[in-house]
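Numbering starts at 1 and runs along the sequence shown. Every number for a ligand or one of its atoms is a count from 1 in the order of the listing. Remember, it's a predicted structure, so these values are computed and weren't measured experimentally.
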Amino acid sequence: MNAPIGVFDSGVGGLTVVKEIMRQLPGENLVYFGDTARVPYGSKSKNTVCKYSKQIVRFLQTKQVKAIVIACNTASALALDEIREEIDIPVMGVVEPGAMMAANTTRTNNIGIIGTESTIKSGIYNKFLHKINPDITVVSKACPLFVPLVEEGLWEDRVTEDIVGRYLHELKEYEIDALILGCTHYPLLRRVIGQEIGEDVKLVNPAYETAKSLKLLLGEKNLLNTMSIEEHEPTYDYFVSDGVDKFISFADDVLSCHVDHAEIVDIESY
Ligand code: DGL
């Protein structure tokens, strides 16, 4: 089926998920929406994040998407259930695939989670992990400064090393052997986070796990695009609620292909 997959995020960070989908599902057409006018979601309430997410879903449905991926951890944590109740196409968040990988990886049963304030406060990762294995101990930490650091391009800067050190030192007191990078931006800090937390701790990237689960889900539902990449060039359409230039420049840093155009959408009207 060659209808596109809709992917959305609070802003630019969801491009880390897009990158994994492009890599693991190279034949699929994608429509991305980044809510760059209303970012961040990570400090907002459930009500607000649900309202914003539903508007975006309505917009994506006008593009005839066959499935929706909520690339934003915060929106996955707070809005996934409500969105699933409203529409009848498959909707996938990033939390469950990440939690499943971490639960399968850990040997000590001690798992760390880092994310935005709202994701951590929601307790959603703990819920999924305990459902898979009630013996798992979860240590979580909100790291609100990571998002602005990434968006400023300071992926490997000394300032970033310092702040990563401050946030993660607490986690080092527990014998975690898996750390979930529970926010769209954090995989871009992978090197610094890995250095700080130590090589014995496996870093779990929900973006990668989500693309893997998406492939399985589309396969099960007979929704995979069966045309080969030789037969068609996949289309990637990008929409944002503000700041096209900043979006394009960030996309060029994250994705392996150049983004030459993004369209502004008046998302409040959906
Ligand atoms: N996309 C958000 C997330 O993954 C991070 C940025 C924000 O706070 O909106 O939780």
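Ser76 places no side-chain N or O within donor-acceptor distance of the main-chain N or O of Gly93, the cut-off being under 3.5 Å. Judged by distance alone, with hydrogens and angles left aside, the side-chain atoms of Lys66 form a donor-acceptor pair with the main-chain N or O of Leu223 at under 3.5 Å.
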Could you pull out every N or O of ligand 1 that sits under 3.5 Å from a protein N or O, with the distance for each pair?
from, atom 1, to, atom 2, distance (Å)
ligand 1, 1 (N), Asp9, OD1, 2.8
ligand 1, 1 (N), Ser10, OG, 3.1
ligand 1, 1 (N), Thr184, OG1, 2.9
ligand 1, 4 (O), Asn73, N, 3.0
ligand 1, 4 (O), Thr184, N, 3.0
ligand 1, 4 (O), Thr184, OG1, 3.2
ligand 1, 8 (O), Tyr41, N, 3.4
ligand 1, 8 (O), Gly42, N, 2.8
ligand 1, 9 (O), Ser10, OG, 2.6
ligand 1, 9 (O), Tyr41, N, 2.6
ligand 1, 10 (O), Thr74, N, 3.1
ligand 1, 10 (O), Thr74, OG1, 2.6

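Listed by first then second residue, pairs satisfying ring pair (Phe, Tyr, Trp, His ring centres under 6.0 Å) with a partner in residues 62-116 number zero, not counting sequence neighbours. Listed by first and then second residue, the ring pair (Phe, Tyr, Trp, His ring centres under 6.0 Å) pairs involving residues 154-179 are Phe146-Tyr167 (not counting sequence neighbours).
With rounding to the nearest 0.5 Å, the separation of CG in Leu149 from CD in Glu161 is 11.5 Å.
With side-chain heavy atoms closer than 4.5 Å counting as contact, directly or through intermediates, the hydrophobic cluster containing Phe239 also holds Phe8, Val31, Phe33, Tyr41, Val49, Tyr52, Ile56, Val57, Phe59, Leu60, Val65, Ile68, Ile70, Leu78, Leu80, Ile83, Ile87, Ile89, Val91, Val265, Ile267, Tyr270.
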